[in-house]
Amino acid sequence: MRMRKTVLTTIAVLCAGGAVTAGTGVTVARTSDAPALAATGWTQVGHDAKNGISGLSVTSRQGNGYRVLIALDNKRPGENRFAQLDYRAGESDRTTTVRPLEWKGGAEPIDVEAIESVPGTSDEYLAVSSRGLVYHLEVTDDGKAVQVRDLSPLPAIGQGDNFESFTLVSRHHKLAAVWADRGEGDGRPATLYAAPLSFNQYGESVFGRVTKASYRASYPTQNVRHASDISVTDSGRLLIASASDEGDDGPFDSAVSDAGSVSLDRSGRVRLTLSRSPEILRKFKGHKVEAVDCVSGSDTAVLGTDDENAGGALTTARICH
């Protein structure tokens with residue numbers, strides 16, 4: 001694997017808690033008080049803080065069964081960072097079996113918050129840590145480990161950014177990345193970023209010109225992280241999960257809103273548009289949703305939670321229109 005000196009220098013800064021300051025020029029979205037439905041039918045994934053789901057990618061689907069690759073935001077050496085599981089929608093009040101994946105590729109990542117499959121591949125993924133490090137991963141042929149192809153920072157990292165969201169959009173044989181700083185309460189809205197994305201011959205992520213916008217969630221209203229994950233539907237709708245976190249024992253609360261759109265034209269130019277009145281599509285009381293993946297070719301999202309000391313959970317919702 002070929003690493004660049006600039007990457008390693010940036011990693012040192014990020015791991016030390018530093019950040020590159022970006023310019024401003026954001027657009028604030030206003031939110032609506034639209035009614036929302038409650039969600040039922042959760043499948044438990046573990047029962048402690050080491051099993052919370054911070055990101056997920058649906059790798060295959062058969063009927064109402066899903067194979068899912070999950071990220072876990074563990075931080076200590078030897079703790080599980082990635083795992084696979086099989087999930088069957090509608091089977092609530094049960095616990096699914098998690099199959100940990102071995103980590104190959106140097107130092108273990110710290111606080112992985114999102115993972116997304118690379119379109120056009122069957123075994124490649126991009127995972128992002130809270131500090132903005134992008135891991136280009138490949139699942140090994142035996143399906144028992146993840147191997148690092150490249151490690152690079154996100155571009156245009158803002159002062160104090162804490163990332164929990166990342167997704168990829170593929171249109172016209174072009175690729176774009178969309179990610180977000182989560183924001184925090186009344187004093188800090190989420191900042192959404194979007195940019196063209198490509199990979200060079202070494203598997204390194206190459207980002208183009210970055211567009212950004214500001215977003216405030218209308219729900220939850222207390223201790224809110226305005227963007228705990230994002231996903232883009234086949235039609236280009238931008239879904240944003242927001243979550244309330246009052247501590248390791250909760251209480252938790254979440255919602256997913258239709259917040260705008262992402263488009264990618266034939267030249268590879270990305271357009272990020274936020275709605276003036278985002279629609280709350282679903283509320284998830286009692287859970288902290290940190291993972292949303294719209295399943296391509298359907299209107300269904302698979303959602304995962306990081307409920308801290310209560311572990312993680314999975315459910316589905318038909319919200320990806």
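Count residues from 1 along the sequence.
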Q: For the residue pair Trp179 and Phe207, categorise the inter-ring angle as parallel (less than 30°), tilted (30 to 60°) or perpendicular (more than 60°).
A: perpendicular

Q: Any salt bridge linking Asp229 with Arg182? Criterion: basic side-chain nitrogen under 4.0 Å from a carboxylate oxygen.
A: no

Q: CG of Asp141: more than 12 outside heavy atoms within 6.0 angstrom?
A: no

Q: How long is the span from the OG atom in Ser117 to the CG atom in Leu168, to the nearest 0.5 Å?
A: 7.5 Å

Q: Tell me whether the rings of Tyr66 and Tyr87 are parallel (<30°), tilted (30 to 60°) or perpendicular (>60°).
A: parallel

Q: If two hydrophobic side chains count as joined below 4.5 Å and joins carry through other members, does Val169 share a cluster with Tyr215?
A: yes

Q: Grouping I, L, V, M, F, W and Y whenever their side-chain heavy atoms are under 4.5 Å apart, do Leu72 and Ile115 come out in a common cluster?
A: no

Q: With a 4.0 Å cut-off, would you call Arg99 and Asp86 a salt bridge?
A: yes

Q: Exactly one of Asp73, Asp161, Asp111 should register a side chain to side chain donor-acceptor pair (under 3.5 Å) with Ser130. Which one does?
A: Asp111

Q: Any side-chain to backbone donor/acceptor pair from His136 onto Gly203? Under 3.5 Å, distance only.
A: yes

Q: Can you check whether Val292 reaches Val256 side chain to side chain, under 4.5 Å on heavy atoms?
A: yes

Q: Determine yes or no for a side-chain-to-main-chain donor-acceptor pair under 3.5 angstrom, with Thr233 supplying the side chain and His321 the backbone.
A: yes

Q: How far apart are the C-alpha atoms of Arg188 and Asp181, what are their side-chain angles, what is the distance that settles it, and do they pass the salt bridge (Lys or Arg N to Asp or Glu O under 4.0 Å) test?
A: CA-CA 10 Å; Arg188 185 182 177 98; Asp181 159 56; 3.1 Å; yes

Q: Evaluate Val206 against Leu197 for side-chain contact (heavy atoms from CB on, under 4.5 Å), listing each step before the verdict.
A: CA-CA 6 Å; Val206 180; Leu197 175 66; 5.7 Å; no

Q: Are Ser218 and Ile280 packed together at the side-chain level, in the sense that at least one heavy-atom pair is separated by less than 4.5 angstrom?
A: yes

Q: Without swapping roles, check the side chain of Lys288 against the backbone of Asp306 for a donor-acceptor pair under 3.5 Å.
A: yes

Q: For a side-chain contact (heavy atoms from CB on, under 4.5 Å) check, start with the C-alpha distance between Arg81 and Glu108, then their side-chain angles and the critical distance, and finish with the verdict.
A: CA-CA 8 Å; Arg81 264 59 172 185; Glu108 296 169 308; 3.9 Å; yes

Q: For the atom pair CG (Asp245) and CG (Asp307), what is the distance rounded to the nearest 0.5 Å?
A: 9.5 Å

Q: Can you check whether Thr305 reaches Ile53 side chain to side chain, under 4.5 Å on heavy atoms?
A: no

Q: Rounded to the nearest 0.5 Å, what separates atom CG in Leu238 from atom CD1 in Ile230?
A: 6.5 Å

Q: Looking at Leu56 and Gly304, what are the two nearest heavy atoms and their distance?
A: CD2-N, 3.6 Å

Q: Considering non-hydrogen atoms only, spot the tightest contact between Leu239 and Cys320 and give its length.
A: CD1-SG, 4.0 Å

Q: Any side-chain heavy atom of Tyr125 within less than 4.5 Å of one from Glu116?
A: no

Q: Show the numbers, then the answer: is there a side-chain contact (heavy atoms from CB on, under 4.5 Å) between Leu274 and Leu192?
A: CA-CA 10 Å; Leu274 293 184; Leu192 274 75; 4.2 Å; yes

Q: Go through it in stages, so that I can follow the logic: the residues are Lys144 and Glu102, the test is side-chain contact (heavy atoms from CB on, under 4.5 Å), and I'd like the CA-CA distance, side-chain angles, deciding distance and then a yes or no.
A: CA-CA 6 Å; Lys144 296 180 179 180; Glu102 181 185 355; 5.9 Å; no

Q: How far apart are the closest heavy atoms of Ser254 and Tyr219, and which atoms are they?
A: O-CE2, 3.8 Å

Q: With the side chain counted from C-beta on, respond yes when Val139 and Val146 share a heavy-atom pair under 4.5 Å apart, and no when they do not.
A: yes

Q: Within the 4.5 Å heavy-atom criterion, are Pro119 and Leu175 side-chain neighbours or not?
A: yes

Q: What is the distance from atom CZ of Arg88 to atom CG of Asn64, rounded to the nearest 0.5 Å?
A: 5.0 Å

Q: Answer yes or no: is there a donor N or O on one side and an acceptor on the other, between the side chain of Thr59 and the main chain of Leu69, under 3.5 Å?
A: no

Q: Kindly say whether Val289 contributes a backbone atom to a donor-acceptor pair with the side chain of Ser228 at under 3.5 angstrom?
A: yes

Q: Can you establish whether the number of heavy atoms outside His173 located under 6.0 Å from its atom NE2 is more than 12?
A: no

Q: Is Leu101 reachable from Ile70 through a run of hydrophobic residues whose side-chain heavy atoms are each under 4.5 Å from the next?
A: no

Q: Yes or no on salt bridge (Lys or Arg N to Asp or Glu O under 4.0 Å) for Glu290 and Arg225, after CA distance, side-chain angles and deciding distance?
A: CA-CA 10 Å; Glu290 288 198 4; Arg225 299 175 180 178; 3.4 Å; yes

Q: Could you pull out the closest heavy-atom pair between Asn74 and Lys50, with the gap in Å?
A: ND2-O, 3.2 Å

Q: I'd like to know if the side chain of Ser244 and the backbone of Gln222 have a donor-acceptor N/O pair within less than 3.5 Å.
A: yes

Q: Quick one: does Glu124's side chain have a donor or acceptor within less than 3.5 Å of a partner on Thr121's backbone?
A: no

Q: Which pair of heavy atoms, one from Val295 and one from Arg61, lies closest together, and at what distance?
A: CG1-CD, 4.1 Å

Q: Measuring only between side-chain heavy atoms, which start at C-beta, is Ser129 closer than 4.5 Å to Phe166?
A: no

Q: Got a second to check how far Gln44's CD is from Asn51's CG, nearest 0.5 Å?
A: 9.0 Å

Q: Determine the interplanar angle of the Tyr135 and Trp103 rings, folded into 0 to 90°, and report it as parallel if under 30°, tilted if 30 to 60°, perpendicular if over 60°.
A: perpendicular

Q: Taking Gly41's backbone N and O only, do any of them form a donor-acceptor pair with Thr315's side chain (distance below 3.5 Å, no angle check)?
A: yes

Q: Should Val45 and Phe284 be counted in the same cluster of Ile, Leu, Val, Met, Phe, Trp and Tyr side chains packed under 4.5 Å apart?
A: no

Q: State, to 0.1 Å, how close Val270 and Ala176 come at their nearest heavy-atom pair, and which atoms those are.
A: CG2-CB, 3.5 Å

Q: Within the distance-only criterion (no hydrogens, no angle test), does the side chain of Ser275 pair as donor or acceptor with the backbone N or O of Ser277 below 3.5 angstrom?
A: yes

Q: Applying a strict under-4.5 Å side-chain criterion to I, L, V, M, F, W and Y, I'd like to know whether Val118 and Leu154 cluster together.
A: yes

Q: Within the side chain of Asp248, is there an N or O that forms a donor-acceptor pair under 3.5 Å with the backbone of Glu308?
A: no

Q: Any heavy-atom pair between the side chains of Leu137 and Leu126 that's under 4.5 Å?
A: no

Q: So, taking the atom named CD1 in Ile319 and the one named CG in Leu303, what distance separates them when rounded to the nearest 0.5 Å?
A: 5.0 Å

